[in-house]
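Comments concern the structure below.
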Amino acid sequence: MKKVFISGGGTGGHFYPALSVAENLKEKGFNITYIGTTNGIESKKDFPADEKILYPMRAVRGKSIIGKIQGVFSLLSTTFKVYKQIKKEKPDFSICFGGYTSIPLGLASFLARVPLYIHEQNSIPSYSNKILSYFAKKVFITFELTSKYFNRKKTILTGMPLRKNIIERAKNYVYKPNQTKTVLVVGGSQGAKKLSDSTISLASEMKDIKFILIKGKWQVEVPNLENLTVYEYVDNMEDLYTSADVVISRSGSSSVNEILCFGKYAIFIPFPYAASNHQYYNVKWLKDLGLCELIEEKDLSKEVLKRALEDTFNKDLESLSKKIKEYAIFDSDEKIVENILNDFKND
Ligand SMILES: CC(=O)N[C@H]1[C@@H](OP(=O)(O)OP(=O)(O)OC[C@H]2O[C@@H](n3ccc(=O)[nH]c3=O)[C@H](O)[C@@H]2O)O[C@H](CO)[C@@H](O)[C@@H]1O
């Protein structure tokens, strides 16, 4: 049992967890075929696959009927191509990480009777994963509350596969308050303009706090302030997480899970246009436990953020950190792989 087909791409949110599990399988000696599209993030990034097959594919999106028909046609014809590939290579199983680019592999695996596994990164599942879950042998989820959207019998909580250097650093990390209060502000992989603007105006008022802002791709005017450091993008997120007392962040799945792993108290400002508002639900449960702050973007202003920060620094962040870390799931890639391999042992 040594061959696997993997899909998950379009955006980083689906691509990176696929990559993390692929690295794990590669270490265990699996031969990997990656299936993706020519226009997603996967066309620009390396993937630890023995074979990387990218198909030109249109999403079934938009208002125009013709566009939708073209999308369905593209999906079915890609499914047929993947089916032929599966029949040729005969993988032992397939694993999909969501996004429309996963649908052809999911459907083709089902048609070819190859065991299918899927992983859902968010609290509210994507349409593609909802569809594929009917054909899947197991559905791996990141947040406990997501089980209600799937057949509970095949749903397993494994958490979100994160980068190795983040996990390794977070495992033994214990939070101790800094002498100078330090706040990390990060707006997901792209950055968030509104978050950056509010942070910059706050930094000029709250001079006793050190702000580290990752501004992402957006243009923002950065004043010369001693207590403000601005980056466009950093690769060593683990260094920034450990240097912060508090994180202000979007609530994409990786960000939330990294913050849990480091046990950081965070002020989350969900991206309001995420499908089914999933960023809000990714952290609503944590807010209900009193383990984070949650501000909706419509309510965001410099004053609101200032009040939230002041309230946050009045809390016992050290003991909160321990409680937050209890909800972290480490080694999610290993949990997923173990679960799959166990199925084959039992068969
Ligand atoms: C806008 C949108 O729809 N975003 C979705 C996208 O999130 P998106 O990819 O934006 O956000 P995530 O929070 O999941 O991941 C961001 C990742 O970027 C890393 N990072 C960020 C900044 C930086 O300078 N360096 C760096 O390495 C973070 O450490 C993290 O690993 O996919 C996620 C998983 O499906 C979803 O939950 C999000 O809702």
Side-chain angles (χ1 to χ4, degrees), residues 7-21 40-42 44-45 59 61 96-102 118-130 140-143 145-146 159-170 184-196 199 212-218 220 229-244 247-262 264 266 268-286 292 297 328 332-333:
S7 181
T11 62
H14 302 298
F15 180 77
Y16 289 114
L19 188 133
S20 161
V21 169
I41 182 174
E42 59 272 28
K44 298 178 203 98
K45 301 268 182 193
R61 255 192 222 128
C96 294
F97 288 82
Y100 73 93
T101 65
S102 278
I118 62 174
H119 179 266
E120 174 55 60
Q121 295 85 48
N122 290 297
S123 51
I124 316 266
S126 64
Y127 286 116
S128 42
N129 268 349
K130 269 194 206 153
F140 302 120
I141 54 171
T142 303
F143 298 101
L145 66 113
T146 312
M160 176 76 169
L162 299 170
R163 281 172 288 176
K164 268 211 166 58
N165 43 342
I166 292 209
I167 287 295
E168 289 314 315
R169 188 74 168 273
L184 168 66
V185 186
V186 51
S189 54
Q190 311 282 305
K193 171 109 173 70
K194 211 170 163 192
L195 248 171
S196 298
T199 305
I212 305 167
L213 166 67
I214 306 180
K215 72 171 191 62
K217 61 180 184 180
W218 307 98
V220 286
T229 309
V230 180
Y231 299 102
E232 185 166 326
Y233 188 86
V234 297
D235 285 318
N236 53 329
M237 281 301 288
E238 57 281 12
D239 291 338
L240 299 198
Y241 282 128
T242 50
S243 67
V247 184
I248 299 179
S249 177
R250 284 292 194 212
S251 43
S253 181
S254 296
S255 301
V256 172
N257 286 285
E258 289 165 8
I259 287 167
L260 293 176
C261 286
F262 281 101
K264 293 286 157 167
F268 287 110
I269 300 152
F271 176 62
Y273 307 107
S276 315
N277 205 11
H278 67 243
Q279 286 209 1
Y280 175 81
Y281 294 101
N282 283 353
V283 287
K284 167 81 168 51
W285 63 276
L286 194 64
C292 75
E297 183 156 300
S332 167
D333 57 326

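One-based numbering, in listed order, for ligands and for the atoms of each. All residue numbers refer to positions in the sequence shown, counting from 1.
Qualifying side-chain contact (heavy atoms from CB on, under 4.5 Å) partners for Thr11, counting only residues two or more places apart in sequence or in other chains: His14. Qualifying salt bridge (charged side-chain N to carboxylate O under 4.0 Å, His left out) partners for Lys164, counting only residues two or more places apart in sequence or in other chains: Glu27.
Given atom 38 (C) of ligand 1, the protein heavy atom at minimum distance is Gln279 NE2, 3.4 Å. From the protein, the heavy atom lying nearest to atom 21 (C) of ligand 1 is Gly188 O, 3.6 Å. Among protein heavy atoms, atom 6 (C) of ligand 1 sits closest to Gly13 CA, 4.3 Å. Counting only heavy atoms of the protein, atom 19 (C) of ligand 1 lies nearest to Arg163 NH2, 3.5 Å. Looking only at heavy atoms of the protein, atom 31 (O) of ligand 1 is closest to Glu258 OE2, 2.5 Å. Scanning the protein for heavy atoms near atom 24 (O) of ligand 1, the closest one is Val234 N, 2.8 Å.
Looking at Ser251, Ser189, Pro17, Ala274 and measuring to atom 8 (P) of ligand 1, the nearest heavy atom belongs to Ser189. Comparing heavy-atom distances from atom 35 (O) of ligand 1 across Asn277, Leu240, Asn122 singles out Asn122 as nearest. In the candidate list His14, His278, Glu238, Met160, His278 is nearest to atom 39 (O) of ligand 1, counting heavy atoms.
Contact annotation for Phe271 and ligand 1: only side-chain heavy atoms (C-beta onward) come within less than 4.0 Å of the ligand. Contact annotation: for Ile214 versus ligand 1, heavy atoms closer than 4.0 Å belong to the side chain alone.
Short contacts between ligand 1 and Ser254, defined as distances under 4.0 Å to a heavy atom of the residue, involve ligand atoms 12 (P), 13 (O), 14 (O), 15 (O), 30 (C), 31 (O).
Side chains of Asn282 and Ser123: a donor on one and an acceptor on the other come within 3.5 Å.
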